[in-house]
Asks: 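I'd like to ask you about the structure that follows.
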Amino acid sequence: MRAHSFWVVFAILIGLHMALMLVPRIFPLIDLPYQLSAATIYRFYDAPDSFFPDYYSIKVLPNPNVAHFLFCGSGIIPGGVETANRVFLILCVILLPVATLLTLRRWGGDPWLSLPAFLLVYHYSFSWGFPGYALAVPFVLIGALLLGEHRRRPRAWLGCLLALWPLLLYGMHLLAALFFAWLLALHAVSLLRRAPRRAFADLAALVPLVALIIYWQMRGGPGNDGPGVLPELQNYYVKHYAKSLLRRAAIFFWDNHALLRGAAGYAVAMLFSGPIVALALAAVARANRGRAAPRPTPAEPIDISILLLIAAASAYVLVPFQIPGTAHLFERFAVLVMLACLLYAARHLTLSPRLRLIVLGLCLAHWGLWAEYHVDFRRQTTDFDRNILPEAAPDTVLGAFVFDAGYRGRPIFIHFPDYFTVWKQGISVSKVGDYRFYPIHRRASVERLPVYNEWIGKFGTFNGASNGYDGDYQGLPYLLTRGSPPPELRHALAGYQVARRQDDWTLLQRVP
């Protein structure tokens, strides 16, 4: 293939994935509805007729994880919160392969090896609905690129940029900022024997991030609630870490398994992640045969791609599954492990024309499967719109029982009640205000705004209580349900009558 063929292929794939983000009316991303709800609350909080100040308080800074919140809620994008969110997701999709291409080209890699990055654009965090972390992933790669430049030729302006980069990531997602801090720490350790003065100087780049985290905690960050993060981590590693090892072994399956239900989804995930790992193993074999890329210089004792792989793999292996107030932690590093494998392979391999065609075929098959997924989901959700929701009013709180939350085996619908806030600026039971690392917190009492347990329809329990639903929603004027209640929860709908029904969704109104 001619050199310009790559740029044609790359541009076409970028265009296809941008177009795919225009297909969904409602994105099938699990946690995204409450993220949109939070942005809506922020955008209309000070409106003259807003109900939000009675139920929520907002404290943006110095909280982390505010990039998506501010981008969608500030009004900088014309067209509303959902339009801004679509632009944000398009940026996530575009920037991941672009950042991969920029990085491997600077490291002297074959540009065709950037194409497998398209297989990772809808990774675990993206498909679960963590847009802030999804945006942070390509910025972590760009940070690694900057660090690689600094390792080869230290310059003052690069040192300053490396000190500011964790702060940028902090605004996107705290976990990404901490990962980049870990990468910087490993970089310093790798220099310790050869250049200890430079190692400590580079380690000082972490001071602004550490200072910001301390300031955040002193200003009332969530770490002040309960026993604190360190005791929670100790408890996790002593009592629960060993149980997570089997789950961690599923690293091949986290990205793209959402496409299909059950074993078929895991097989498809393996189809797309397996070749990336195979390329990395081929690169290892080539390096061991002495046909590797140029050896690192004394100023760079470990290749930056290897350092990134060590950082990502160790984070995946060691980071907890969850701590109180936040979950889905170590799984988010699977995409970074895959990207690090790809960048390492690009340091040592050049794809033959035949392999280029195979990689392109995988990219097109990947896009086709996700296109079918989004088209089918749009068809499945045709009847979920503003008409199924009540009108917003000062004392109208919408409760919800999502008895059937599944789409292709994943709980896609659990946060759909948040669209009452997104579409009508109403108040719904929601996880908004209850998550630990978030700029919005509940102001109303639980009697006025009950706690939302998104799993109540699946497990028949409320907040994990063994005695089942405790009746917190009984005073609410409306309940939104999807599917049929299990026998142990049928009593929860007593005293309500059907107001509207659209497909699997039912709006129930309390009988006067």
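Keep in mind the model is a prediction, meaning the values are calculated, not measured. Any value given below was found using the heavy atoms of this structure, including those in side chains, with hydrogens, waters and symmetry copies removed.
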Asks: Looking only at the side chains, is there a donor atom on one of Arg482 and Thr506 sitting less than 3.5 Å from an acceptor on the other?
Replies: no
Asks: Quick check: do Val402 and Thr481 have side-chain heavy atoms less than 4.5 Å from each other?
Replies: no
Asks: Check whether any side-chain heavy atom of Met21 lies under 4.5 Å from a side-chain heavy atom of Cys92, and answer yes or no.
Replies: no
Asks: Which pair of heavy atoms, one from Ala492 and one from Gln474, lies closest together, and at what distance?
Replies: O-NE2, 2.8 Å
Asks: Just by modelled atom types, is the Ile26 backbone N or O under 3.5 Å from a matching donor or acceptor in the Tyr419 side chain?
Replies: no
Asks: Is the side chain of His257 donor-acceptor paired with the backbone N or O of Phe253 at a distance under 3.5 Å, no angle test?
Replies: yes
Asks: Is there a side-chain contact between Trp128 and Leu32 (heavy atoms, below 4.5 Å)?
Replies: no
Asks: Between atom CZ of Phe420 and atom CG of Leu507, what is the distance when rounded to the nearest 0.5 Å?
Replies: 9.0 Å
Asks: With heavy-atom distances below 4.5 Å as the criterion, would you say the side chains of Ile58 and Ile41 are in contact?
Replies: yes
Asks: Search all heavy atoms of Pro78 against all heavy atoms of Thr83 and return the closest pair with its distance.
Replies: O-CG2, 3.5 Å
Asks: Examine distances only and state if a side-chain atom of Glu149 and a backbone atom of Leu147 form a donor-acceptor pair shorter than 3.5 Å.
Replies: no
Asks: Please verify the inter-ring angle class for Phe413 with Tyr407; under 30° counts as parallel, over 60° as perpendicular, anything in between as tilted.
Replies: perpendicular
Asks: Is there a side-chain contact between Arg332 and Leu175 (heavy atoms, below 4.5 Å)?
Replies: yes
Asks: Walk me through it: do Asp472 and Val446 pass the test side chain to side chain contact (heavy atoms under 4.5 Å, CB included)?
Replies: CA-CA 8 Å; Asp472 276 9; Val446 294; 5.6 Å; no
Asks: Could you tell me whether the side chains of Asn85 and Gln35 share a donor-acceptor contact shorter than 3.5 Å?
Replies: no
Asks: Please check if the distance between the ring centroids of Phe384 and Trp423 is under 6.0 Å.
Replies: yes
Asks: Kindly say whether the aromatic ring centers of Tyr373 and Trp370 come within a distance under 6.0 Å.
Replies: yes
Asks: Does Asp503 reach the main-chain N or O of Trp505 with its side chain, forming a donor-acceptor pair under 3.5 Å?
Replies: no
Asks: Looking at side-chain heavy atoms only, is the closest gap between Ser273 and Trp254 below 4.5 Å?
Replies: no
Asks: Search all heavy atoms of Leu183 against all heavy atoms of Ala144 and return the closest pair with its distance.
Replies: CD2-CB, 4.1 Å
Asks: Calculate, to the nearest 0.5 Å, the distance between atoms CG and CG belonging to Asp418 and Asp31 respectively.
Replies: 9.5 Å
Asks: Do Val87 and Phe71 pass the side chain to side chain contact (heavy atoms under 4.5 Å, CB included) test, and can you show the C-alpha distance, the side-chain angles, and the key distance before you say yes or no?
Replies: CA-CA 9 Å; Val87 173; Phe71 188 90; 3.9 Å; yes
Asks: Might you confirm whether atom CG of Leu246 has over 12 heavy atoms from other residues, nucleotides or ligands at distances under 6.0 Å?
Replies: no
Asks: Under a 4.5 Å cut-off applied to non-hydrogen side-chain atoms, are Asp54 and Pro394 in contact?
Replies: no
Asks: Around atom CZ of Arg106, are there more than 12 heavy atoms of other residues, nucleotides or ligands at under 6.0 Å?
Replies: no
Asks: So Val93 and Ile90, do their side chains get closer than 4.5 Å, heavy atoms only?
Replies: no
Asks: Parallel, tilted or perpendicular: which fits the ring planes of Phe69 and Tyr438, with parallel below 30° and perpendicular above 60°?
Replies: perpendicular
Asks: Can a donor-acceptor pair be found, under 3.5 Å and without considering hydrogens, that links the side chain of Gln425 to the backbone of Phe44?
Replies: no
Asks: Of Tyr473, Trp455, Tyr478, which meets ring-ring contact (aromatic ring centres under 6.0 Å, His included) against Phe401?
Replies: Tyr473
Asks: Is there a donor-acceptor contact under 3.5 Å from the side chain of Thr421 to the main chain of Ser37?
Replies: no
Asks: Given 3.5 Å as the limit, does a donor-acceptor pair link the side chain of Lys424 with the main chain of Arg386, or not?
Replies: yes
Asks: Between Tyr45 and Tyr42, is the ring centroid distance below 6.0 Å?
Replies: no
Asks: Is the number of heavy atoms from other residues, nucleotides or ligands within 6.0 Å of OH (Tyr241) greater than 12?
Replies: yes
Asks: From Ile440 CD1 over to Phe52 CZ, what is the distance, rounded to the nearest 0.5 angstrom?
Replies: 9.0 Å
Asks: Determine whether the aromatic ring centres of residues Phe126 and Tyr133 are separated by less than 6.0 angstrom.
Replies: no
Asks: Under a 3.5 Å cutoff, is there a donor and acceptor pairing between the side chains of Arg151 and His187?
Replies: yes
Asks: So does Arg247 have more than 12 non-hydrogen atoms from other groups sitting under 6.0 Å from CZ?
Replies: yes
Asks: Which is it for Ser57 and Arg443 under the side chain to side chain donor-acceptor pair (under 3.5 Å) test, yes or no, and what are the steps along the way?
Replies: CA-CA 6 Å; Ser57 63; Arg443 172 173 285 165; 4.8 Å; no
Asks: Within the distance-only criterion (no hydrogens, no angle test), does the side chain of Arg510 pair as donor or acceptor with the backbone N or O of Gly475 below 3.5 angstrom?
Replies: yes
Asks: Applying side chain to side chain contact (heavy atoms under 4.5 Å, CB included), run through Leu178 and Ile213 and close with a yes or a no.
Replies: CA-CA 10 Å; Leu178 293 175; Ile213 292 175; 3.9 Å; yes
Asks: Strictly distance-based, threshold 3.5 Å: is any side-chain N or O of Arg408 a donor or acceptor partner for the main-chain N or O of Ala258?
Replies: no
Asks: Strictly under 6.0 Å, is that where the ring centroids of Phe330 and Phe333 end up?
Replies: no
Asks: Give, for atom CD of Glu454 and atom NE2 of His415, the distance between the pair rounded to the nearest 0.5 Å.
Replies: 4.5 Å
Asks: Identify the heavy atoms of Cys72 and Ala84 that sit nearest to each other, and give their distance.
Replies: CA-CB, 3.7 Å
Asks: Could you walk me through whether Leu389 and Leu398 pass the side chain to side chain contact (heavy atoms under 4.5 Å, CB included) check?
Replies: CA-CA 9 Å; Leu389 301 171; Leu398 176 68; 4.1 Å; yes
Asks: Between Ile30 and Pro411, what is the shortest heavy-atom contact and its length?
Replies: CG2-O, 3.5 Å
Asks: Examine distances only and state if a side-chain atom of Arg248 and a backbone atom of Val317 form a donor-acceptor pair shorter than 3.5 Å.
Replies: yes
Asks: Using 0.5 Å steps for rounding, measure from the CG atom of Leu164 to the CG atom of Leu162.
Replies: 9.0 Å
Asks: Quick one: which of Tyr55, Tyr34, Tyr452 gives a side-chain contact (heavy atoms from CB on, under 4.5 Å) with Val432?
Replies: Tyr34
Asks: Quick one: CZ on Phe200 to CG on Leu191, what's the gap to the nearest 0.5 Å?
Replies: 11.0 Å
Asks: Could you tell me which non-hydrogen atom of Pro320 sits nearest to which non-hydrogen atom of Leu329, and how far apart they are?
Replies: O-CB, 3.0 Å
Asks: Quick check on the 6.0 Å ring-centre criterion: do His17 and Phe118 meet it?
Replies: yes
Asks: If you count heavy atoms of other groups shown closer than 6.0 angstrom to CD of Gln502, is the number above 12?
Replies: yes
